[in-house]
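What follows is a set of notes on a single structure, which appears directly below.
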Amino acid sequence: MDADRRAALEERTRYEPAESEARVFGRWEAAHAFDAEPDAPGDRYCICLPPPNVTGSLHMGHALNGAVQDTLIRLKRMQGRNVLWQPGTDHAGIATQMVVERELAKEGVSRHDLGREAFVERVWAWRRQTGSTIIEQYKRLGASMDYRRERFTMDADYARAVLEVFVRLHERGLIYRDSRLVNWSWPLRTAISDLEVEHREVDDTLYHVRYDVDGGDEIVIATVRPVTILADTAVAVNPADERYRHLVGRTATVPLVGRRVPIIADDRVEIGFGSGALKVTPGHDPTDFEIGRDHGLSAPLFMDETGKLTDLKPEWEGRSLAEGHDAAVAQLRAEGRIVREEPLRHAVGFCQRSGARVEPLVSLQWFCRMEELAATAIDAVRSDRIRFHPRRLEKVFFDWMESIRPWCISRQLWWGHRLPVWFAPDGSHVVQIERPDGDGWEQSTDVLDTWFSSALWPYATLGWPLDTASLRRWYPGDVLVTGRDIINLWVARMIFTGIEFAGDIPFTDVYINSTIQAADGRRMSKSLGTGVDPLDLIDRYGADATRYGLLKMCSTQDVRFAEGMIDEGRAFANKLWNASRLILLGASAAALPAPTGADPVDRWILTRLGEVNATAITLYETYQFSALVKELYAFVWNDVCDWYLEALKIRLYTDDEAIRQAASETGLYVLERILVLLHPLLPFVTEEIWAHLPGDRGLLMQARFEAADDIRADPAAAAAVGAVIELVTELRRMRSDAGLGPREPLDVLLADGAIAGQADLVRALGHATIVSAAPGGVPVTAGDAQVLVGGAALATALHTKLERRRATVAGELAKARAKLANPGFSDRAPAAVVAEEREREARFAAELSAIEARVADRDG
RNA sequence: GCGCGUAUAGCUCAGCGGUAGAGCGCCCGCUUCACACGCGGGAGGUCCCUGGUUCGAACCCAGGUACGCGCACCA
């Protein structure tokens with residue numbers, strides 16, 4: 001290491017993420033380390049980023065999700081796979097249109113003032129300017145995506161793929177046009193899908209309204225929305241309902257409009273609800289729609305697409321829904337038709353985007369028939385070709401897929417993929433991508449549901465329907481990492497379109513990451529101000545610390561956000577930095593990393609390294625990130641820093657160059673391997689340290705992640721060092737209990753056993769004087785050895801401790817004996833468990849008698 | 001309404017049939033030559049309740065209780 005670099009390392013006693021991250025990221029980019037090439041060697045490994053909404057910015061879900069994906073992709077890249085992590089965004093029809101409309105509103109213009117074409121151009125301008133914001137934010141996290149390949153669901157070639165899918169599904173008869181009841185969002189003036197409707201409990205009033213029946217009778221219906229009475233076309237009762245049997249077949253008069261409608265019998269009417277009589281409004285209610293269809297009723301609309309009343313009652317035409325409600329209640333009340341009002345709490349659908357109450361209404365839309373497509377996706381999961389992690393979430397998928405309904409895929413928006421449907425002047429239409437020959441063809445004004453296009457993401461991003469090198473190389477992909485809320489919107493749809501069009505399942509594993517809740521245990525909420533901004537965390541703690549914390553929180557269940565875990569990550573990065581400084585600055589100039597293992601301490605840490613390496617690989621590959629982070633933290637902090645480095649210092653600071661050289665080699669080797677192990681989790685700090693390792697080496701992110709096979713285990717050395725650790729810990733405890741300073745010398749007599757050869761280590765780490773006889777010393781258990789600790793100063797202070805220990809040991813001994821005395825245990829428990837219990841009994845018995853001898857000695 | 005999940009140290013969470021764990025916080029002590037974002041020591045737990053299975057239960061089963069999250073057209 002040259003003098004400048006050495007001085008720089010010496011100065012930097014803290015790891016400052018802000019100082020390193022941009023520089024390290026620049027090195028990766030300069031080396032084109034993220035670039036994926038189809039003809040590169042190695043088995044394929046592919047993840048596509050669930051495309052975030054183009055209007056979005058990085059939130060906690062993205063950050064966790066991104067940390068998981070980057071961890072996997074870096075691991076696989078280091079394992080020699082030819083990896084692709086595909087970035088991109090979706091065009092988010094409604095959200096984007098709203099963003100741009102809000103912009104226009106500031107200029108006092110509406111999209112209607114602009115006209116469709118100019119508006120769409122305006123959206124593109126917005127997209128060119130800010131559309132990659134969220135992808136740029138992923139870079140702050142260290143995400144190693146191939147940014148050259150960023151895709152957008154409105155890109156020309158992608159759009160072509162979307163239309164191709166539409167046409168093919170239509171040819172197969174799976175896409176059709178129909179007039180059906182849909183969820184209508186009047187502020188947005190579009191239909192929305194079932195999944196975009198959010199149900200909330202609402203307190204409403206249930207009005208009981210009296211309708212006149214020909215012949216002087218009357219019938220009372222119940223409704224929470226009296227204004228819908230305008231569109232009633234029947235009154236229905238349950239055929240089994242005695243109360244109303246005599247009215248069936250007669251004619252009722254609808255209040256407010258005076259329409260004369262039949263009273264019909266239908267068993268979908270629930271006898272026990274309200275009055276038991278149902279006003280039937282086929283144009284605005286799912287059940288009523290079905291009843292209306294079966295009874296041949298018409299389905300007039302009381303409101304139009306903009307949320308205004310229609311001319312069913314001409315004098316109210318043009319009023320808002322709220323005004324209509326008030327007017328209806330007022331008139332019914334004035335006419336004395338409201339016989340009862342009662343509070344009703346019930347679930348009502350709201351439009352996710354606009355927040356308005358969803359209005360079910362009959363509308364002419366395009367639908368996708370789902371049963372057949374769903375069956376292939378169900379089969380892929382059922383047969384284990386696709387596995388969910390955690391497994392139980394398959395149920396969410398099955399529940400939705402098995403009760404699937406037609407998917408309304410058309411939207412009355414301006415921003416999106418316009419349907420490849422062409423209308424002739426005579427009203428007939430054809431479905432094809434190109435405009436048909438001849439004059440007068442008009443393209444459908446509808447666009448497709450955004451989710452329809454993002455369902456093709458895994459293969460459309462790779463060039464489908466063309467047979468591209470990328471598609472051949474990386475499809476199907478390996479794992480989809482996403483949040484639970486997206487299972488049905490996305491995962492399910494990607495699976496069946498993948499099978500249908502790309503000829504195979506899009507991935508084999510679906511890893512659903514935890515939801516990070518706010519500190520109050522509920523979902524993070526913007527409106528409640530309980531959200532946490534990951535970019536702010538990165539600014540304050542660093543990207544590595546943020547990744548560390550998020551991954552530590554990430555298990556198979558939801559977790560509350562705990563900033564302490566991020567802070568722990570920062571401390572860990574700093575610890576790693578400083579441990580590295582010790583090794584790098586203390587090592588012999590000529591030393592290169594090598595598992596030399598000159599000393600038992602070296603062989604012990606190499607043994608541990610081998611164990612941890614193997615465990616880590618398993619945890620990485622089974623998505624157990626929280627356990628992985630803990631495992632590596634404990635190894636680095638406790639084994640390496642607390643013990644190995646303390647022991648290594650002795651040889652690093654010696655004058656004997658041969659010893660120093662050998663110690664340096666192993667030290668550097670251990671450091672090198674730790675950096676490799678940690679890199680997928682903490683890419684920045686590990687890459688930064690890597691650059692300081694001696695020797696000619698490239699980037700850490702391009703280094704090889706080795707299996708543990710090459711590390712030799714040495715159980716004898718491990719046992720000896722284990723005994724030293726136990727003894728030194730006991731010596732520290734004694735000093736503390738006796739009120740002695742931490743470096744107060746103690747006399748120690750080493751007994752035979754694993755520890756016998758470790759006098760130097762005990763002397764150095766334990767600040768002990770090794771003696772050959774210690775009259776009046778206190779016996780201490782340390783692994784397999786008995787050690788005598790001498791020094792009169794300790795005697796009194798240790799007496800209390802000894803008594804305490806005697807009580808503990810006696811208790812444990814009694815427990816072990818009771819267990820063994822139980823015939824049920826010794827006869828029926830596995831032999832190994834019984835043997836272990838016997839061993840414990842013997843150990844406690846020996847220790848107890850030693851303590852008692854000591855006490856007797858002292859007292860006598 | 002249906003489904004899923006969670007209840008373990010003051011806080012956030014591991015452990016999921018055989019000696020109760022971590023980080024933070026707390027207490028005591030350290031200007032130890034990598035790190036005070038540190039070092040050493042310590043205190044702290046009827047593992048939600050009630051039953052059951054088992055030689056043995058924090059862990060398995062049943063029933064409660066509390067909380068969270070999905071899904072859902074009762075007007």
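Proteins come first, then strands; the chains are lettered A, B, ... in the order of their sequence lines, and each starts at number 1.
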Of the listed nucleotides ([options]), which one gets closest to any side-chain atom of [X]?
X	options	answer
A:K575	B:A14, B:A34, B:A75	B:A34
A:C641	B:A34, B:C74, B:C69	B:A34
A:N574	B:C37, B:A34, B:A72	B:C37

Between [N] and [M], how many Å separate the two [atom1] atoms, rounded to a whole number?
N	M	atom1	value
B:G18	B:A22	C1'	22 Å
B:G10	B:A34	C1'	33 Å
B:G38	B:U32	C1'	11 Å
B:G64	B:U46	P	27 Å
B:C16	B:C35	P	38 Å
B:C60	B:A14	P	15 Å
B:A58	B:U8	C1'	7 Å
B:A72	B:U54	C1'	41 Å

Nearest whole angstrom, please: distance from the [atom2] of [N] to the [atom1] of [X].
X	N	atom1	atom2	answer
A:K815	B:U19	NZ	P	9 Å
A:R570	B:C37	CZ	P	9 Å
A:R733	B:G42	CZ	C1'	10 Å
A:K630	B:G21	NZ	C1'	9 Å
A:R581	B:A34	CZ	C1'	5 Å
A:D827	B:G18	CG	P	21 Å

Nearest-0.5 Å distance that lies between atom CD1 in A:I263 and atom CG in A:L278 =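 It is 12.0 Å, given to the nearest 0.5 Å.
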Measuring from A:H692:NE2 to A:L668:CG, what's the distance to the nearest 0.5 Å?
->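 A:H692 NE2 to A:L668 CG: 13.5 Å, rounded to 0.5 Å.
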Could you tell me whether A:D294 and A:R268 make a salt bridge, using a distance below 4.0 angstrom between a side-chain N and a carboxylate O?
->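 Between A:R268 and A:D294 there is a salt bridge, with a charged N closer than 4.0 Å to a carboxylate O.
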Any chance the side chains of A:Y244 and A:N238 put a donor and an acceptor closer than 3.5 Å?
->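 Side-chain D/A pair, A:Y244 to A:N238: absent.
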Considering only heavy atoms and no angle criterion, is a donor-acceptor pair shorter than 3.5 Å present between the side chain of [X] and the base of [N]?
X	N	result
A:R560	B:U12	no
A:T13	B:C35	no
A:E646	B:A34	yes

Classify the nucleic acid contact of A:R225 as base, sugar-phosphate or nothing, counting any heavy atom under 4.0 Å across all strands shown.
->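 The residue A:R225 makes no contact with any strand.
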Under 3.5 Å: donor-acceptor pair, side chain of A:R581, backbone of A:R12 =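 Yes, because the side chain of A:R581 sits within donor-acceptor range (under 3.5 Å) of the backbone of A:R12.
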How are the rings of A:F388 and A:F397 set relative to one another: parallel (under 30°), tilted (30 to 60°) or perpendicular (over 60°)?
->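 Tilted, since the angle between the ring planes falls between 30° and 60°.
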Between A:H199 and B:C73, is there a side-chain N or O to OP1/OP2 distance below 4.0 Å?
->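 Indeed, a polar side-chain atom of A:H199 lies that close.
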Closer than 4.0 Å, any side-chain N/O of A:R405 to the OP1 or OP2 of B:C73?
->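 The answer is yes; a side-chain N or O of A:R405 sits under 4.0 Å from OP1 or OP2.
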